[in-house]
Student: 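Sharing a structure below in structure tokens format, with a few things to ask.
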Amino acid sequence: MRKKIVAGNWKMNLTKREALALYAEIASGINTINSDKMIVFSPFLFLDILKQNEQETVQIGAQNFYFQSAGAFTGEVSYSQLKDLGVTNVLIGHSERRMIFNETDELVKQKVDTAITAEMNVFFCCGEPLEVREKNEHFAFISEQLKNNIFHLSAVDIQKLVIAYEPIWAIGTGRTATAQQAEEMHAHIRNEIAEKYDANVANAISILYGGSCNASNAKELFANPNVDGGLIGGASLKSKDFLEIAKSF
Ligand code: PGA
């Protein structure tokens, strides 16, 4: 059975005190959830202290890293520095990294390879911009991202990924994909994996939805057979909402 996962992406939010308080609230509320796995992707700054306070039930992850292990890369944090803190969950390919920080398919692919070799847990993000959706080219766009970023992996390695489908027009906009839009894209992604690898591989991979997912729409989204949970931005900053989402399976 695929894992049901609820992940929070805190992005560039919170002070250290707020991050610790939020984490504690989430960790103390989890006895009522019914997801298999919960995780929060914190800013780098708080990873160390969060790891020291980590509870088994809510894992800690990093939103980014650089694929070299050390060297003259001013301002970057390496995967080996993360591992040194015990952080093994990483987001790769978030649309904000691709768009604001110009991360290319090549860089995303390099990060995927580095993380897999370093035995880290990759949460790989894909998603189309509004103009692509409006031209009705979203399926082809996502197929291309899969091909360019992750379809070079072996059948064993690709099953180590969690995939997050996050339509860019839905991120932080309050305009959530409908349950049907999410399901048809998730089914498309699973189908592409089945064609490239096989149905067993495709069925083993959790595919999360992200983009204005909140406590009121999570149930409808998660009820779809190919939606295995969510990657939550804004609503993960409020423990009550985040916990409510984690109960929505
Ligand atoms: P949102 O962000 O829930 O605030 O739309 C989701 C994400 O970017 O991961």
Side-chain angles (χ1 to χ4, degrees), residues 4-14 18-19 22-23 26 33 35 37-44 46-47 58-65 87 89-103 108 111-112 115 121-130 132-133 138 141-142 145 149-150 161-179 181-183 185-186 189 206-222 224 227-249:
K4 296 179 195 313
I5 302 170
V6 172
N9 177 6
W10 289 352
K11 307 194 180 183
M12 197 179 71
N13 292 299
L14 308 169
E18 289 166 349
L22 177 57
Y23 182 81
I26 295 167
I33 64 157
S35 60
K37 181 168 173 176
M38 273 187 99
I39 174 164
V40 289
F41 290 95
S42 160
F44 288 135
F46 316 136
L47 289 173
V58 187
Q59 297 184 14
I60 309 294
Q63 298 168 18
N64 186 30
F65 65 94
V87 176
N89 296 300
V90 282
L91 277 185
I92 299 181
H94 191 280
S95 60
E96 285 151 19
R97 299 292 323 162
R98 295 179 192 258
M99 287 167 54
I100 305 170
F101 301 101
N102 300 318
E103 289 199 6
V108 169
K111 289 185 177 194
V112 168
N121 307 314
V122 175
F123 287 67
F124 165 76
C125 306
C126 58
E128 82 286 354
L130 183 60
V132 168
R133 166 76 54 172
H138 42 292
F141 184 94
I142 297 300
Q145 275 191 329
N149 298 165
I150 58 171
L161 304 186
V162 171
I163 296 176
Y165 168 61
E166 301 203 304
I168 296 171
W169 46 270
I171 295 180
T173 57
R175 185 181 161 189
T176 324
T178 63
Q181 285 171 325
E183 171 58 20
M185 184 58 85
H186 285 224
I189 292 170
S206 296
I207 307 178
L208 314 183
Y209 169 79
S212 298
C213 180
N214 58 40
S216 358
N217 58 32
K219 238 192 177 75
E220 203 189 338
L221 286 160
F222 297 175
N224 292 286
V227 179
D228 306 307
L231 178 57
I232 321 295
S236 73
L237 296 169
K238 296 185 201 108
S239 56
K240 191 168 161 283
D241 291 12
F242 192 53
L243 288 165
E244 197 58 41
I245 293 169
K247 286 186 218 161
S248 302
F249 290 101

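Just follow the structure's listing: the first ligand is 1, and inside any ligand the first atom is 1. Sequential numbering from 1 along the given sequence is applied to the chain's residues. All heavy atoms count here, side chains included; hydrogens, waters and symmetry mates do not.
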Student: Under the salt bridge (charged side-chain N to carboxylate O under 4.0 Å, His left out) definition, can you give me all pairs with a residue in residues 228-238, not counting sequence neighbours?
Tutor: Arg2-Asp228, Arg190-Asp228
Student: Do Asn214 and Asp241 have side chains that get closer than 4.5 Å, going by heavy atoms?
Tutor: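 In short, these two side chains do not touch, never coming nearer than 4.5 Å.
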Student: Output the set of protein residues with a heavy-atom contact under 4.0 Å to ligand 1, ordered first by chain identifier and then by residue number.
Tutor: Asn9, Lys11, His94, Glu166, Ala170, Ile171, Gly172, Gly211, Ser212, Leu231, Ile232, Gly233, Gly234
Student: For Glu166, which residues count as a salt bridge (charged side-chain N to carboxylate O under 4.0 Å, His left out) partner, sequence neighbours excluded?
Tutor: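 So Glu166 forms no salt bridge (charged side-chain N to carboxylate O under 4.0 Å, His left out) with any residue.
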Student: Test of understanding: with salt bridge (charged side-chain N to carboxylate O under 4.0 Å, His left out), list the residues that count as partners of Glu183, not counting sequence neighbours.
Tutor: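 By the salt bridge (charged side-chain N to carboxylate O under 4.0 Å, His left out) rule, Glu183 matches no residue at all.
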Student: Check whether Asn217 reaches the backbone of Ser212 with its side chain - one donor and one acceptor, N or O, closer than 3.5 Å.
Tutor: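 Indeed, once roles are kept as given, a pair shorter than 3.5 Å links the two residues.
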Student: Taking the ring of Tyr23 and the ring of Phe46, is the distance between their centroids below 6.0 Å?
Tutor: no
